[in-house]
Amino acid sequence: MMYVSVPQANVRDRVSAVYNKVTTVYAGEGVEVLEKQKRFIHVKTSSGKDGWLEVRYLVGQDVFDGFEKLKKDNEKTQVEAHGTTRAELNVHLTPDRDGEHLFQLKEGEKVEVLKKTTAEKNIGGAPPKQTRTIFSKGPVKKSDTPPPPPKPETPAKGAKAGKAAEPEAPAMEDWWLIRDSSGHVGWVLMRMIDIDVPLDIAQYAEGQRIVGYVILNKIQDDDKQVPQYLVMMSAPKDGLPYDFDSVRVFSWDVKRHRYETAYRERNIFGVFPVTSGVENFGKEGNEPVFTIQVKDETGALVPRKYRMIQPVIRRVLLPGQSEKGEAKLVKPEPIKKEASAAGKKKKK
């Protein structure tokens, strides 16, 4: 079996520039292989019709099985956010631009965000530039002779030899593992997904990238219910070793009818998943809770649980945890600001 990897493709009755359309097949549809040629494959569709398809429109059984495994492995994965696609984009089996793909998302399609990862940016290697040899006409003049190469500089006495230039780090880019409305699971470029947070929340991002959110609960304000959010953010840069470096809880003020910051924690090494729910606290009743994972100085991922006592956030110590004597949390390295392309103008 092979599977269609484009939104749709025509099955033709012959391998020729002029042909008749037998039927149309769609992304993810399986076809039986009857005969193979260099650029075309003779196939039989699930409806029993046979004809020819271009090889580039099809992927093998291994790719289909890979997507099925990805789907099964993430059936119970925590949803970290909901998002909307910025344009049509392929859903990849691996976080790689050249990775196999089977499904395609439309512009404006809604998806669930499950996981985040970082991979080396691969946009296809450019072919090396070809140099053209220029032959001189007539005898070579003395002035045409190329100068000898410069002698390497020798360090002065007592001076330490300079370190060899470090290789330039490869460019990195972030990817989301998403689930679409049809249940397909795969990898897409993070920058192609807009996280669906209300403008009332997004305006407080303060230059950071919102990478996830959960609705803790909803409270009544006049005739409407307003959600209260836990939002995860990170510096607006790809290739960071953590998923988020700050969390912020937005509670709704029913008197002023606006969002306010109920809790904020910065400079943390946060890793997905972030979980939330409702827990009973006896006489105090049911209250929203959430748990984040952060790295401490020992390199261990430590769960930190919090409860919301409207509108205050308090930490809940888990079994075996104590505020005294616990390892300090790792603080991410500060992000260096990239120099402006134009550069600073020199003063006259």
Is there a donor-acceptor contact under 3.5 Å from the side chain of [X] to the main chain of [Y]?
X	Y	answer
S5	Y57	yes
N267	K331	no
N74	T77	no
H101	N90	no

hydrophobic_cluster_shared for F40 and L34, side chain cutoff 4.5 Å: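 Hydrophobic grouping puts L34 apart from F40.
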Minimum heavy-atom distance between I195 and I210, given as atom pair plus value: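 It is CG1-O, 3.5 Å.
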Pair Y3, Q61: side-chain N/O donor-acceptor within cut-off below 3.5 Å: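 Q61 and Y3 do have a side-chain donor-acceptor pair below 3.5 Å.
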Flag for D194-T84: side-chain donor and acceptor within less than 3.5 Å: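 Looking only at side-chain atoms, D194 and T84 do not form any donor-acceptor pair under 3.5 Å.
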Ionic contact status for [Y] with [X], cut-off 4.0 Å:
X	Y	value
E173	R97	yes
K121	D238	no
K106	D180	no
E287	R314	no
R258	D200	no

Within 6.0 angstrom of E333 CD, more than 12 heavy atoms from elsewhere: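 Atom CD in E333 is not packed in, count stays at 12 or less.
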Residue that, paired with S246, satisfies side chain to side chain donor-acceptor pair (under 3.5 Å) out of Q208, R266, E265: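 When Q208, R266, E265 are each tested with S246, the side chain to side chain donor-acceptor pair (under 3.5 Å) holds only for Q208.
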Check: F103 ring centre within less than 6.0 Å of F67 ring centre: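 Between F67 and F103, which both carry aromatic rings, the centre distance is below 6.0 Å.
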Pairwise side-chain contact, L189 with L89, heavy-atom cut-off 4.5 Å (strictly under):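 Sidechains of L89 and L189: no contact.
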For F269, all residues meeting ring-ring contact (aromatic ring centres under 6.0 Å, His included), sequence neighbours excluded: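 If we apply the ring-ring contact (aromatic ring centres under 6.0 Å, His included) test to F269, skipping adjacent residues, the hits are Y242.
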